[in-house]
Chemist: 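Just passing along the structure, written as structure tokens.
Excluded from the calculations below are hydrogen atoms, water molecules and symmetry mates; all remaining heavy atoms, backbone and side chain alike, are included. These numbers come from a predicted model, not from an experiment.
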Amino acid sequence: MKFISIAEAIKKASGKVVVRGWIHRERGSNEFKFIILRDSSDIIQCVLKKEKFSDKWSDIDKLQIESSLEIEGTIKKDKRAPTGYEIEADKINIIGFSKDFPINKSLNEELLGDRRHLWLRSRKMTAIMKIRSRYVQAREQFFREQGFYRFDTPVLQPTQSEGGSTVFEVKYYDSKAYLAQTWQLYGEAAIFALEKVYNMGPTFRAEKSKTSRHLSEFWMAETEVAWWKLDEITEFAKKEIKYCLEKVGEDCAEEFKILGQDAKNILKIAKKKWPTIKYRDALKILQDKEGIKIPFGKDLRTIEEQKLMKHFDTPVVVTHYPKEVMAFYKPRDSKNKDEALCFDMLAPECGLEIVGGSERSLNIKEMSESLKKDGENPEDYSFYFDLRKYGSVPHSGYGVGIERVLQWICGLETIKDAIAFPRTMTRFKP
Ligand code: 4AD
Ligand code: MG
């Protein structure tokens with residue numbers, strides 16, 4: 001007989017089946033062994049009666065959590081079983097024993113972190129990894145439908161791009177290189193050939209504080225488009241994220257349930273209108289509704305983003321942050337000279353910044369000055385300035401923090417659970 005997945009076996013609902021997987025839970029008695037078998041699709045209860053397996057019983061009796069097996073038997077409905085079905089086994093083939101699996105309920109975050117390679121098998125991590133996979137697949141689908149080209153760029157780069165204080169320096173033969181803080185500068189070079197480009201890749205920031213929302217290595221999903229201005233790019237960013245939320249909401253209901261979330265909420269949010277407000281409006285909301293007075297000119301802190309987003313039930317795009325505290329490539333608004341043509345998208349309730357983007361400055365002089373202030377040598381950016389010299393056009397782009405989006409929609413306390421092997425200030429193993 002052919003192996004089928006546990007989900008397929010449950011769908012079949014009766015008759016003979018052959019499945020394989022790992023022991024999720026087990027308990028035994030003198031006459032029975034109950035096994036909850038797990039594969040990538042689902043879990044199912046299997047019962048082995050001693051009378052049928054007298055020759056193999058000593059091995060079966062030894063089976064512990066995470067042993068791998070093949071089981072052939074008859075499936076039937078059973079209300080008491082965790083997923084409503086049970087397989088009564090006729091044959092068992094033990095593939096790999098597992099003794100004293102080192103994961104249990106008493107482990108703290110640190111120990112679970114050390115055993116991350118094993119913890120990935122948990123129902124929680126499996127559900128998150130499935131949602132992540134579906135999200136990223138949906139995004140690829142979206143950009144194909146929208147007529148974009150995927151464009152891949154170097155991780156090893158000659159300069160910083162998002163501020164020297166968080167850049168990782170690496171030895172590059174006899175000189176120095178930096179790990180990518182963003183794909184953007186190269187994405188900008190590509191729009192003169194391809195006009196609409198996107199990518200998703202590992203991105204590095206030496207974040208020197210421990211927070212529940214920062215990783216040292218994360219996956220940024222970036223987009224860059226020729227000709228578009230701020231209003232077009234912000235609406236497009238909403239469209240991208242709504243599209244992906246719809247797909248995960250439709251396809252991952254079971255996974256969200258495992259995480260204590262309701263996929264219907266995600267679908268509801270995806271259907272609503274998402275507002276765009278200005279940074280100055282955000283300051284006003286904070287002052288009027290929260291009694292927090294922030295002078296114009298400061299970036300919003302986590303606590304302020306959280307307080308602001310208590311007042312919204314969808315993501316919100318916040319535009320026109322103060323120019324002085326923004327990255328060098330964010331252009332000055334010619335109408336309000338202290339504001340930049342840039343935006344962040346914040347998630348409801350948790351207030352996470354899930355997207356950052358902007359129009360791109362075309363003013364070499366202003367960018368050079370800003371870089372100098374940050375201790376950079378503008379000559380190192382000559383390739384970037386060339387893009388402004390030969391047929392320069394307005395263009396805009398943004399980057400989505402994939403783990404931030406997952407942290408929000410999966411309701412995760414820490415961003416570390418949004419990625420399989422998190423890298424933080426205090427951990428780069430396993
Ligand atoms: O706002 P950021 O820094 O924007 C850029 O890097 C632009 N160059 C992107 C662009 O315009 N192409 O980062 C974009 C997003 C943030 O909004 C956040 O969601 C996420 O990346 N992000 C992080 N996620 C996890 N850990 C960190 N340390 C992050 N830093 C940024
Ligand atoms: Mg940002």
Side-chain angles (χ1 to χ4, degrees), residues 1-130 254-255 257-260 417 420-421 430:
M1 264 179 91
K2 204 169 143 260
F3 287 103
I4 57 175
S5 72
I6 291 175
E8 286 165 334
I10 290 174
K11 219 164 163 195
K12 188 164 178 241
S14 66
K16 290 265 177 214
V17 292
V18 204
V19 293
R20 56 188 160 189
W22 295 262
I23 297 183
H24 181 59
R25 286 199 295 270
E26 56 79 27
R27 80 192 143 84
S29 73
N30 277 338
E31 287 159 60
F32 294 103
K33 180 95 172 174
F34 281 102
I35 288 172
I36 307 290
L37 195 70
R38 163 182 75 72
D39 70 4
S40 62
S41 70
D42 210 337
I43 56 173
I44 191 161
Q45 178 164 296
C46 304
V47 57
L48 288 85
K49 291 185 176 154
K50 187 174 177 180
E51 58 188 35
K52 279 196 195 166
F53 295 96
S54 47
D55 54 327
K56 278 192 168 174
W57 196 250
S58 65
D59 277 348
I60 292 172
D61 205 32
K62 271 194 290 202
L63 286 174
Q64 293 184 10
I65 288 178
E66 290 306 320
S67 308
S68 48
L69 330 158
E70 298 169 346
I71 284 185
E72 183 177 326
T74 306
I75 188 163
K76 63 172 176 28
K77 260 205 169 108
D78 186 324
K79 269 197 263 159
R80 293 159 305 176
T83 38
Y85 287 85
E86 182 181 84
I87 296 173
E88 188 184 328
D90 300 320
K91 277 191 205 155
I92 179 168
N93 190 12
I94 299 170
I95 306 293
F97 280 100
S98 162
K99 195 163 175 284
D100 303 331
F101 189 62
I103 299 273
N104 58 56
K105 286 208 172 75
S106 68
L107 295 183
N108 61 23
E109 196 188 309
E110 203 41 40
L111 287 170
L112 279 179
D114 291 339
R115 295 165 200 180
R116 190 73 171 180
H117 51 296
L118 302 174
W119 177 235
L120 291 187
R121 305 176 189 194
S122 64
R123 297 271 279 164
K124 175 181 170 181
M125 287 311 300
T126 303
I128 298 167
M129 292 189 293
K130 284 184 183 175
E254 273 310 307
E255 286 72 27
K257 203 158 113 196
I258 289 169
L259 300 171
D417 283 339
F421 293 101

Chemist: What are the two closest non-hydrogen atoms of A89 and I71, and how far apart are they?
Modeler: CB-CG2, 3.9 Å
Chemist: Answer yes or no: is there a donor N or O on one side and an acceptor on the other, between the side chain of S67 and the main chain of I23, under 3.5 Å?
Modeler: no
Chemist: Is the shortest heavy-atom distance from the side chain of Y85 to the side chain of K76 under 4.5 Å?
Modeler: no
Chemist: Measuring only between side-chain heavy atoms, which start at C-beta, is F32 closer than 4.5 Å to K49?
Modeler: yes
Chemist: Checking salt bridge (charged side-chain N to carboxylate O under 4.0 Å, His left out) against E88, which of K16, K52, K33 comes through?
Modeler: K52
Chemist: Report the residues that fulfil salt bridge (charged side-chain N to carboxylate O under 4.0 Å, His left out) with E66, sequence neighbours left out, ordered by chain and then residue number.
Modeler: R38, R121
Chemist: With rounding to the nearest 0.5 Å, note down the distance linking CE in M125 to CH2 in W119.
Modeler: 8.5 Å
Chemist: As an exercise, state the distance from CG of L37 to CD1 of I44, rounded to the nearest 0.5 Å.
Modeler: 8.5 Å
Chemist: Kindly give the heavy-atom pair with the smallest separation between W57 and L48, and that separation in Å.
Modeler: CH2-O, 3.8 Å
Chemist: If you define the side chain from C-beta out and look only at heavy atoms, does anything of I35 sit under 4.5 Å from L69?
Modeler: yes
Chemist: If you look at every heavy atom in S5 and D39, which pair is closest and at what distance?
Modeler: CA-OD2, 3.5 Å
Chemist: Quick one, I92 and D59 - any side-chain contact, counting heavy atoms below 4.5 Å?
Modeler: no
Chemist: Taking only residues two or more places apart in sequence, or in another chain, which ones meet K56 in a salt bridge (charged side-chain N to carboxylate O under 4.0 Å, His left out)?
Modeler: none
Chemist: Check whether more than 12 heavy atoms from other residues, nucleotides or ligands sit under 6.0 Å from atom CG of D55, and answer yes or no.
Modeler: yes
Chemist: Are the side chains of I36 and P82 in touch, meaning some heavy atoms are under 4.5 Å apart?
Modeler: yes
Chemist: Would I4 and K11 count as a side-chain contact (heavy atoms from CB on, under 4.5 Å) here? Give the steps.
Modeler: CA-CA 11 Å; I4 57 175; K11 219 164 163 195; over 6 Å; no
Chemist: Around atom NZ of K12, are there more than 12 heavy atoms of other residues, nucleotides or ligands at under 6.0 Å?
Modeler: yes
Chemist: Looking at every non-hydrogen atom in both residues, tell me the closest pair between R116 and A420 and how far apart they are.
Modeler: NE-O, 2.6 Å
Chemist: Which atom names give the shortest non-hydrogen contact between L118 and P102, and what distance separates them?
Modeler: CD1-CG, 3.6 Å
Chemist: Which value, rounded to the nearest 0.5 Å, describes the distance between L112 atom CG and E110 atom CD?
Modeler: 9.5 Å
Chemist: So, the side chain of S68 versus the backbone of I95: is there a donor-acceptor pair under 3.5 Å, distance only?
Modeler: no
Chemist: I need the M129 CE to S40 OG distance, nearest 0.5 Å.
Modeler: 10.5 Å
Chemist: As an exercise, state the distance from CG of D114 to CG of N108, rounded to the nearest 0.5 Å.
Modeler: 8.5 Å
Chemist: Considering non-hydrogen atoms only, spot the tightest contact between V19 and A9 and give its length.
Modeler: CG1-CB, 4.0 Å
Chemist: Could you go through the side-chain contact (heavy atoms from CB on, under 4.5 Å) check for V18 and K2 one step at a time?
Modeler: CA-CA 7 Å; V18 204; K2 204 169 143 260; over 6 Å; no
Chemist: Less than 4.5 Å apart, any side-chain heavy atom of H117 and any of F421?
Modeler: yes
Chemist: Distance check, rounded to the nearest 0.5 Å: D61 atom CG versus E26 atom CD?
Modeler: 9.0 Å
Chemist: Is the closest side-chain heavy-atom distance between Q64 and F101 below 4.5 Å?
Modeler: no
Chemist: Assess the residue pair F97 and L63 against the criterion (side-chain contact (heavy atoms from CB on, under 4.5 Å)); give the C-alpha distance rounded to whole Å, side-chain angles, the decisive distance to 0.1 Å, and a yes or no.
Modeler: CA-CA 7 Å; F97 280 100; L63 286 174; 3.8 Å; yes
Chemist: Do T83 and I6 make a side-chain contact, defined as non-hydrogen atoms from C-beta onward lying under 4.5 Å apart?
Modeler: no
